[in-house]
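What follows is a single structure, written as structure tokens, with notes after it.
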Amino acid sequence: MSRREKTTKKHKNSTRELMGITEITDYSLVTSFGELVYFIIHPTNISVLSESSVSSRIYALMTVLKGIAEIEMLCLNSKENFDDNKEYLKKRMEEEENPIIRKLLMQDSTNLDRMQVQMATAREFLIIIRLKNEKESDVFPYLSRIEKSLKDQGFTARRGDNADIKRILGVYFEQNVTTDRYEDFDGERWVVLGER
């Protein structure tokens with residue numbers, strides 16, 4: 001096989017294949033490393049809680065972690081990250097000689113700080129369960145027990161569905177926080193059913 005044929009073959013891989021995803025089901029992400037189920041935890045704004053309340057939230061999380069050995073955790077920013085923009089503005093301010101332009105750059109930087117503070121609660125916390133060789137009949141009762149355990153400890157949690165999983169992948173791999181609907185297949189939106 002020539003180098004050109006290899007390159008062409010390489011580009012025929014779908015995005016899913018490149019990410020190592022076999023399937024996105026209604027409740028899980030099937031990969032070569034196991035089937036992953038996501039529980040989305042609604043974040044608590046701990047900045048307004050007392051020290052004892054924060055301690056009780058930590059203890060509640062420890063209780064959940066002790067009860068479920070298979071838990072993995074993931075935290076995503078579900079909003080834009082402004083760090084690169086702020087770094088750019090800082091560099092421009094240092095280089096700028098015109099005081100009026102420098103003042104405008106400072107205002108832009110302050111505005112980005114304000115926006116980032118407003119979005120501080122836009123993080124998304126995920127509990128991930130990696131299913132391994134569970135019988136199909138045992139999967140849903142097992143996942144229901146985990147969801148109940150989270151709720152019993154005071155967490156607002158729900159199991160992620162197909163749309164949630166695709167959105168999580170979009171944020172994790174692409175930092176895409178603006179798309180409303182993710183396609184099942186690359187270019188799906190351009191396909192008109194019934195046309196030849």
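Any value given below was found using the heavy atoms of this structure, including those in side chains, with hydrogens, waters and symmetry copies removed. Along the sequence shown, the residues carry numbers beginning at 1. This is a predicted model, so every value here is computed, not measured.
Between Ser109 and Lys90, the closest side-chain pair of non-hydrogen atoms is not below 4.5 Å. Side-chain atoms of Leu29 and Thr22, non-hydrogen and from C-beta on, never get closer than 4.5 Å to each other.
Remark: Asn85 CG to Asn111 CG distance equals 11.5 Å, nearest 0.5 Å. Here the straight-line distance linking atom CG of Asp108 with atom NZ of Lys103 works out to 13.0 Å at 0.5 Å rounding. The OG1 atom of Thr25 sits 10.0 Å away from the CG atom of Leu36 when rounded to the nearest 0.5 Å. Put simply, CG on Asp161 and OG on Ser28 are 11.5 Å apart, with the number rounded to the nearest 0.5 Å. Between the CE atom of Met93 and the CZ atom of Arg102 there is a distance of 10.0 Å, given to the nearest 0.5 Å. A distance of 5.0 Å separates CZ in Arg159 from CG in Leu143, rounded to the nearest 0.5 Å.
When each of Leu61, Leu126, Ile128 is checked for a side chain to side chain contact (heavy atoms under 4.5 Å, CB included) with Met73, only Leu61 meets the rule.
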Is there a side-chain contact (heavy atoms from CB on, under 4.5 Å) between Thr63 and Tyr59 once you walk through the steps? CA-CA 6 Å; Thr63 304; Tyr59 184 77; 3.7 Å; yes
Stepwise, does the ring pair (Phe, Tyr, Trp, His ring centres under 6.0 Å) test hold for Tyr38 with Tyr27? CA-CA 8 Å; Tyr38 295 86; Tyr27 67 93; over 10 Å; no
One pair to check against side-chain contact (heavy atoms from CB on, under 4.5 Å): Thr156 and Ile41. What are the steps and the verdict? CA-CA 6 Å; Thr156 306; Ile41 309 293; over 6 Å; no
Would you please test Ile40 and Ile127 for side-chain contact (heavy atoms from CB on, under 4.5 Å) and show each step? CA-CA 7 Å; Ile40 299 168; Ile127 297 284; over 6 Å; no
Evaluate the criterion side-chain contact (heavy atoms from CB on, under 4.5 Å) for residue pair Leu131 and Val37; output intermediate values, then yes/no. CA-CA 7 Å; Leu131 300 176; Val37 179; 3.8 Å; yes
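Here Lys91 does not pair with Glu87 in a salt bridge; the nearest charged N to carboxylate O distance is not below 4.0 Å. By the 4.0 Å N-to-carboxylate-O rule, Asp164 lies close enough to Arg158 to be salt-bridged with it. By the 4.0 Å N-to-carboxylate-O rule, Glu72 lies close enough to Arg130 to be salt-bridged with it.
Atom CD of Glu51 is surrounded by 12 or fewer heavy atoms from other residues, nucleotides or ligands within 6.0 Å.
Under the 6.0 Å distance and 45° angle rule, Arg57 counts as a cation-pi partner of Phe155.
Of all non-hydrogen atoms in Gly160 and Ile165, the two that sit nearest each other are O-CD1, 4.3 Å. Of all heavy-atom pairs between Asp138 and Pro141, the closest is O-CD, 3.4 Å.
By the criterion of side-chain heavy atoms lying less than 4.5 angstrom apart, applied directly or through intervening Ile, Leu, Val, Met, Phe, Trp or Tyr residues, Leu65 is grouped together with Phe39 in one hydrophobic cluster. Grouping the Ile, Leu, Val, Met, Phe, Trp and Tyr side chains by contacts below 4.5 angstrom, directly or via other members, places Leu74 apart from Val30.
Although no hydrogens or angles enter the test, the distance criterion places a donor-acceptor pair under 3.5 Å between the side chain of Thr110 and the main chain of Met106.
Checked by atom type, the side-chain pair Ser53/Ser50 shows a donor-acceptor distance below 3.5 Å.
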